[in-house]
Chemist: 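Right, I'll just put the structure down here and ask away after.
Naming convention: chains lettered A, B, ... in sequence-line order (proteins, then strands); numbering from 1 in each chain.
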There are 2 protein chains.
Amino acid sequence: MGARRGEADEVVSAPGSAVDEPAVRERARAIPEAAVARLAVYLRVLSGMAEQSVTTVSSEELSAAAGVNSAKLRKDLSYIGSYGTRGVGYEVEVLVGQIERILGLTRKHSVCVVGIGNLGHALANYGGFPGRGFPVSALFDVDEDLIGVPVGGILVDHIEDIPRVCAEREVSIGVIATPPPAAQGVCDRLVSAGVQCILNFAPVVLQVPDHVEVRKVDLAVEMQILSFHVARRADEAAYADEGGMVVPG
Amino acid sequence: MGARRGEADEVVSAPGSAVDEPAVRERARAIPEAAVARLAVYLRVLSGMAEQSVTTVSSEELSAAAGVNSAKLRKDLSYIGSYGTRGVGYEVEVLVGQIERILGLTRKHSVCVVGIGNLGHALANYGGFPGRGFPVSALFDVDEDLIGVPVGGILVDHIEDIPRVCAEREVSIGVIATPPPAAQGVCDRLVSAGVQCILNFAPVVLQVPDHVEVRKVDLAVEMQILSFHVARRADEAAYADEGGMVVPG
DNA sequence: TAGTGTGAATTCGTTCACAGCG
DNA sequence: CGCTGTGAACGAATTCACACTA
């Protein structure tokens with residue numbers, strides 16, 4: 001904390017005129033995280049449509065395919081500019097391009113995977129991560145039997161070499177797929193190697209400096225949230241059985 | 001939609017007096033989703049503490065370990081009742097028990113995994129899902145070469161048998177790890193088999209009836225969110241270089 | 001006319017700040 | 001006295017509803 005808190009001139013009208021690259025800076029900061037996640041989903045749906053030679057979509061169609069309501073979709077798209085045509089809809093190609101630009105997908109992001117167990121293997125074998133643009137360019141483990149072995153076409157290096165290898169291959173995203181006890185140590189190495197974005201599959205809360213972005217994928221948490229819903233349903237059912245629920249007209 | 005929208009008497013004061021099981025029903029519905037996800041994290045941290053024979057924690061300690069601030073932690077815990085001691089903190093064992101109860105972890109939830117590729121294998125081999133309480137009791141695929149083969153101790157069945165097998169083994173959570181084109185079909189089968197909770201690893205937006213709960217784990221989306229942050233950082237750096245940033249006092 | 005783009009209203013979640021209790 | 005538990009203030013995200021325009 002300190003130098004943060006942008007001067008961001010409120011997101012006012014008059015957006016996408018002539019300019020191309022500039023003016024995006026202020027904009028980018030203003031997009032809510034939740035909207036960014038959805039933009040990625042819209043992008044996938046739109047890519048599918050493009051493949052099927054669909055050229056135009058309305059907010060209604062696109063939102064249905066993406067599983068959100070149309071107001072939310074339009075609001076989300078408005079964060080990135082005005083690329084629709086009133087009375088008509090959006091050009092698929094244009095939206096794909098604009099979302100890719102905002103998400104920074106016009107540039108490649110080298111990825112490394114640390115921890116080549118079951119999951120690490122699965123990740124390495126995706127070979128060029130989901131949706132491409134994310135080439136896996138380094139793999140790490142501690143197991144001596146794995147060092148130097150190719151997995152998904154990449155040789156596994158030792159965890160000690162994270163700083164050197166990550167620097168050489170300009171890794172910008174680190175994926176942690178180690179057992180829990182190893183995760184924080186690996187994370188520290190990645191951070192000192194200059195990696196600023198981390199995707200963590202280990203069920204551990206990572207401690208990182210402010211400038212590092214961590215996203216986590218936590219199986220146990222997901223399962224437990226589902227469990228909560230199962231339980232809630234059971235409670236409601238029991239409640240209804242007791243005569244507590246009013247049957248609607 | 002219709003019979004929803006609880007009568008929930010506002011969550012007012014005077015909570016955990018004598019009653020034990022009842023009164024929780026109204027309560028459960030009132031816990032924000034975001035808080036449920038965090039409760040799962042607190043549970044893990046607390047379990048770790050219990051293993052190390054820690055008997056008491058303050059909101060300050062626990063929140064630091066869980067990576068949230070203490071106000072949020074206390075608010076989250078207040079949703080499940082008043083189990084702390086003012087001036088002291090919380091008893092680890094008590095909190096573990098209460099969170100497990102709220103998350104429905106006192107009951108086992110049978111899980112099936114559909115799609116036994118790289119990821120499916122990894123999931124099946126966790127054998128009894130993260131944090132236990134989630135025994136994997138069925139596996140499915142379409143590949144004839146896999147049917148009848150044991151993976152992680154369970155025989156793989158054909159996708160056509162989802163309804164029968166899921167009913168027999170009382171599966172309450174379905175995990176989809178198939179290629180994208182197969183996901184919706186599998187989802188439909190799970191739903192018609194009575195599975196009400198689904199964890200979806202396929203990069204597809206599933207369409208399900210209202211009463212089914214879907215959580216998704218979407219690698220591509222996670223990577224793209226990180227990409228967005230990389231891009232934002234780059235923009236900010238460029239902006240600062242241009243002399244646009246005011247160096248704070 | 002059909003459908004975008006967006007202020008305004010609303011809902012939801014977080015943080016503050018302090019009363020109350022052990 | 002210290003720490004919990006929580007109303008109240010705040011802020012972020014969603015939804016509404018309609019002016020606007022191709």
Chemist: Does A:R74 place a side-chain N or O at less than 4.0 Å from the phosphate oxygens OP1/OP2 of D:dT14?
Modeler: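 Negative; the distance criterion is not met.
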
Chemist: Nearest to the side chain of A:K75, which nucleotide is it out of C:dT15, D:dT15, D:dG5?
Modeler: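 So the side chain of A:K75 is nearest to D:dT15.
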
Chemist: Has B:T85 got a side-chain N or O lying under 4.0 Å from the OP1 or OP2 atom of D:dT4?
Modeler: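 No, outside the criterion.
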
Chemist: With respect to the phosphate group of C:dG5, does any side-chain polar atom (N or O) of A:Y90 fall under 4.0 Å of OP1 or OP2?
Modeler: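 Yes.
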
Chemist: Please report the distance, rounded to the nearest Å, between CD in B:E91 and P in D:dT4.
Modeler: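 Roughly 13 Å, once rounded to whole Å.
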
Chemist: Of all the choices, C:dG3, C:dG5, C:dG13, which nucleotide is nearest to the side chain of B:A34 once you look at every atom?
Modeler: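 Closest nucleotide to the B:A34 side chain: C:dG13.
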
Chemist: Quick one: is B:N69 getting a side-chain N or O under 4.0 Å of the C:dT15 phosphate, OP1 or OP2?
Modeler: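 Yes, B:N69 has a side-chain N/O under 4.0 Å of OP1/OP2 on C:dT15.
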
Chemist: With a 3.5 Å cut-off and heavy atoms only, can you find an N or O donor on one side and an acceptor on the other between the side chain of B:R86 and the base of D:dT4?
Modeler: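 By the distance-only test, yes, there is a pair.
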
Chemist: Mind calculating the distance between CD (B:E33) and C1' (C:dT14) to the nearest angstrom?
Modeler: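 After rounding, the reported distance stands at 17 Å.
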
Chemist: Taking atom CD of B:E91 as the centre, report whether more than 12 heavy atoms of other residues, nucleotides or ligands fall under 6.0 Å from it.
Modeler: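 At most 12 heavy atoms, drawn from other residues, nucleotides or ligands, come within 6.0 Å of this atom.
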
Chemist: What integer distance in Å separates A:I31:CD1 from D:dA13:C1'?
Modeler: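 Going from A:I31 (CD1) to D:dA13 (C1'), I get 14 Å.
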
Chemist: Please determine if B:E33 and B:R215 form a salt bridge, counting it only when a charged side-chain N lies under 4.0 Å from a carboxylate O.
Modeler: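 A salt bridge links B:E33 with B:R215.
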
Chemist: Atom NZ of A:K72 and atom C1' of C:dT4: how far apart are they, to the nearest Å?
Modeler: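 Taking NZ of A:K72 and C1' of C:dT4, I get 19 Å after rounding.
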
Chemist: So A:I198 and A:C187, do their side chains get closer than 4.5 Å, heavy atoms only?
Modeler: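 Heavy-atom side-chain distance check passes, below 4.5 Å.
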
Chemist: Run A:S63 and A:N69 through side-chain contact (heavy atoms from CB on, under 4.5 Å) and show every step you take.
Modeler: CA-CA 6 Å; A:S63 66; A:N69 70 29; 5.8 Å; no

Chemist: How many Å lie between CD on B:E60 and P on C:dT15, as a whole number?
Modeler: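 One finds 13 Å between P of C:dT15 and CD of B:E60, rounded.
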
Chemist: OP1 or OP2 of C:dT14 sitting under 4.0 Å from any side-chain N/O of B:Y79?
Modeler: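 Indeed not, no polar side-chain atom of B:Y79 lies that close.
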
Chemist: Starting from P on C:dT14, measure out to CG on B:L77 and report it in whole angstrom.
Modeler: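 Atom-to-atom, B:L77 to C:dT14, this comes out as 14 Å.
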
Chemist: Okay, side chain of B:S70, backbone of B:S59: is any donor-acceptor separation there less than 3.5 Å?
Modeler: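 Not confirmed, B:S70 side chain does not pair with B:S59 backbone.
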
Chemist: Which whole-number value in Å describes the distance from B:R38 CZ to C:dG13 C1'?
Modeler: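 Value for this atom pair: 8 Å.
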
Chemist: Using whole Å, report how far CD1 of A:I80 lies from C1' of C:dT6.
Modeler: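 For the pair A:I80 CD1 and C:dT6 C1', the rounded distance is 15 Å.
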
